[in-house]
2 protein chains.
Amino acid sequence: MSKKHQILEAAIRSFVERGLQGSSMALVAKEAEVATGSVYNYFEGKEHLINECFLYVKQNEVEFLLEHYDPEASFEARFKGVYTSTIRFMLDHCSYFRFLHLYAFSPVITQETRDKLYPVFETFINLYKDAYEAGVIGSPDAPEQHLSIYGGISYLMHYYYVNQVEITDEKIESMVNFAWAALSNSKQVTEG
Amino acid sequence: MSKKHQILEAAIRSFVERGLQGSSMALVAKEAEVATGSVYNYFEGKEHLINECFLYVKQNEVEFLLEHYDPEASFEARFKGVYTSTIRFMLDHCSYFRFLHLYAFSPVITQETRDKLYPVFETFINLYKDAYEAGVIGSPDAPEQHLSIYGGISYLMHYYYVNQVEITDEKIESMVNFAWAALSNSKQVTEG
DNA sequence: AATAATAAAATGAACGTTCATTCATTTTAG
DNA sequence: CTAAAATGAATGAACGTTCATTTTATTATT
């Protein structure tokens with residue numbers, strides 16, 4: 001693992017466990033088994049490091065999602081696939097998930113950082129748009145649909161994490177079905 | 001408004017706008033139009049202040065929810081009522097909502113603080129339990145149901161806030177219907 | 001291959017600033 | 001006149017950042 005990776009991984013772990021306040025640069029460096037000054041060879045400063053952690057995690061996430069994405073599958077299969085992948089990613093990379101859950105909305109994440117991520121997630125945003133045009137889901141506003149489901153999953157996963165609930169494949173399936181039901185039912189609800 | 005309230009309100013605003021790191025005690029005091037030392041007359045330190053902000057917001061929330069809660073109403077009406085109140089509370093107290101959304105999962109909020117809140121929300125936790133026993137909703141795990149809906153609403157509200165989307169009564173109704181549909185449909189989904 | 005020369009990366013002590021906290025003093029309330 | 005509350009300058013520790021020095025890697029030369 002490269003030194004930059006070491007630092008990112010250590011930083012994410014520390015930010016999650018001790019918070020941004022509680023994680024001094026010296027401490028992050030120590031956890032990464034690197035000299036304090038070395039962090040500054042790779043990152044301009046603490047704020048920059050935090051933003052880079054965010055990008056790093058998000059890029060890992062989208063990479064994972066794309067790996068398991070089949071553009072030829074049915075809408076239902078694709079949606080369920082994306083939700084399943086999202087949950088699996090959260091499980092496999094617990095500290096990544098917790099980092100996102102804690103800091104995705106923080107004012108320390110700059111607009112510049114956020115803007116970098118939009119194109120990366122375009123595939124999935126388009127999935128919602130296409131599904132709407134095909135009449136599979138009810139709302140035309142893709143981000144809204146996505147966020148309310150992603151938010152639900154996030155909160156739930158956090159709850160499972162805190163309470164150390166083991167998440168079986170059946171549990172994942174149940175969550176995904178719940179999400180899909182909410183999404184596909186929204187057609188009737190918003191119209192009725 | 002008492003001096004303690006002034007400080008809490010100013011702290012919440014500052015924590016939301018500048019983050020925990022960016023909000024020095026001197027700055028919070030200045031925003032509260034109070035001397036730096038005065039903060040320490042009411043709060044033991046910064047961490048304590050943050051925890052008190054959390055309790056303050058949560059207690060305000062539950063007060064608001066109870067004010068609009070009718071224990072005699074039907075399950076559907078009660079659920080929809082709670083969701084509607086939650087959304088209205090978020091809208092009326094934007095910085096409270098953002099504070100919760102940012103720091104509710106932070107490691108700076110102690111377990112002690114969290115434990116204080118469970119009894120406060122018991123009414124609403126029982127609502128889920130009762131509804132399950134009455135066969136109205138499918139899952140016996142009340143916190144899970146609640147969290148996935150609350151999470152969805154939170155993420156959505158944050159999105160609306162960031163994008164300055166005006167939230168009409170129709171929009172609230174649509175969100176509440178979406179939530180209720182997800183909840184009441186979960187019966188079929190988890191069984192099917 | 002071996003050695004020297006140069007560049008790049010890594011180091012951690014030192015610096016200067018910031019900031020949480022304290023406390024002697026002043027102001028206000030009873 | 002007394003007690004409580006408020007004040008903000010002073011303090012000292014913590015922390016982000018820098019940089020002179022050392023170590024490692026790369027290239028050039030014999």
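Values in this document were obtained by computation on a predicted structure and should not be read as measured data. In the text below, chain A, chain B and the rest are named by the order of the sequence lines, each starting its count at 1.
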Proximity to the side chain of A:Tyr42 - top-ranked nucleotide from D:dA5, C:dT11, C:dA9: C:dA9

Side-chain H-bond candidate by donor/acceptor type, B:Asn177 with B:Lys80, under 3.5 Å: yes

Heavy-atom neighbours of B:Glu67 CD exceed 12 at 6.0 Å: yes

A:Tyr69 and A:Phe124 aromatic ring geometry - parallel, tilted or perpendicular at 30°/60° bounds: perpendicular

Base versus backbone protein contacts along nucleotides 13-30 of chain C [heavy-atom cut-off under 4.0 Å; B, S, -]: ------SSBB--------

SB check A:Arg88 A:Asp169 (cutoff 4.0 Å): yes

Charged N-O contact under 4.0 Å between B:Glu9 and B:Arg13: no

Touch class at under 4.0 angstrom, heavy-atom based, for B:Phe43 against every strand present: nothing

